[in-house]
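A short worksheet on the structure shown next.
For this chain, numbers begin at 1 and follow the sequence in order.
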Amino acid sequence: MEQPVPNDDATRDRRRAALYVAPFLLVGLFNLVILLRWGVDPLWAFAILPPILAVTTIAWVAFRHGFDRQPHQPDTHRK
């Protein structure tokens with residue numbers, strides 16, 4: 001079996017999604033660092049890490065598959 005060759009659109013979509021999501025991930029990680037520096041118990045500070053990563057992953061998937069683009073025009077030939 002041959003491996004499918006990724007096209008430029010897929011690569012561009014992944015890169016675009018990463019660029020859109022990166023600021024939110026950085027803000028979340030910066031918040032984590034501030035909590036650790038503030039003196040919060042590390043266990044409680046890292047309790048916010050899974051939601052940060054989960055929301056970032058969901059956002060990446062959404063941007064990757066183009067939720068921000070207009071939907072395709074309906075097929076006018078269907079009856």
Side-chain angles (χ1 to χ4, degrees):
M1 250 188 187
E2 277 186 41
Q3 294 291 333
V5 178
N7 59 8
D8 290 336
D9 290 340
T11 304
R12 187 178 71 226
D13 288 343
R14 285 192 302 263
R15 193 171 294 144
R16 180 178 57 92
L19 287 174
Y20 287 171
V21 172
F24 298 105
L25 178 63
L26 292 176
V27 167
L29 294 177
F30 182 69
N31 189 15
L32 180 68
V33 169
I34 287 175
L35 285 173
L36 288 172
R37 291 286 205 166
W38 191 22
V40 174
D41 184 19
L43 180 63
W44 288 107
F46 282 113
I48 68 167
L49 187 61
I52 291 170
L53 296 177
V55 169
T56 302
T57 303
I58 292 168
W60 185 85
V61 169
F63 279 115
R64 166 71 175 86
H65 291 288
F67 88 100
D68 59 330
R69 288 182 247 147
Q70 291 290 331
H72 296 294
Q73 296 296 328
D75 190 9
T76 57
H77 298 292
R78 281 190 183 175
K79 297 204 182 226

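- The shortest heavy-atom contact between Ala47 and Pro51 is O-CD, 3.5 Å.
- Residues Leu26 and Val33 do not share a hydrophobic cluster, clusters being chains of Ile/Leu/Val/Met/Phe/Trp/Tyr side chains in contact below 4.5 Å.
- The OH atom of Tyr20 lies 14.0 Å from the CZ atom of Arg64; values are rounded to the nearest 0.5 Å.
- What you find for Phe63 and Val21 is that their closest heavy atoms are CD1-CG2, 3.9 Å.
- Criterion: ILVMFWY side-chain heavy atoms under 4.5 Å apart, direct or through other members. Under it, Leu29 and Ile48 are part of a common hydrophobic cluster.
- Under the 4.5 Å side-chain criterion, counting only non-hydrogen atoms from C-beta, Leu25 is in contact with Leu53.
- Here CZ of Phe46 is found 10.0 Å from CG of Leu35. Values are rounded to the nearest 0.5 Å.
- A heavy-atom distance below 4.5 Å is not found between the side chains of Phe30 and Val27.
- In this structure, Leu32 is a member of the same hydrophobic cluster as Trp38, with clusters built from ILVMFWY side-chain heavy atoms closer than 4.5 Å.
- Follow the hydrophobic side-chain contacts under 4.5 Å out from Ile52 and you reach Leu36 in the same cluster.
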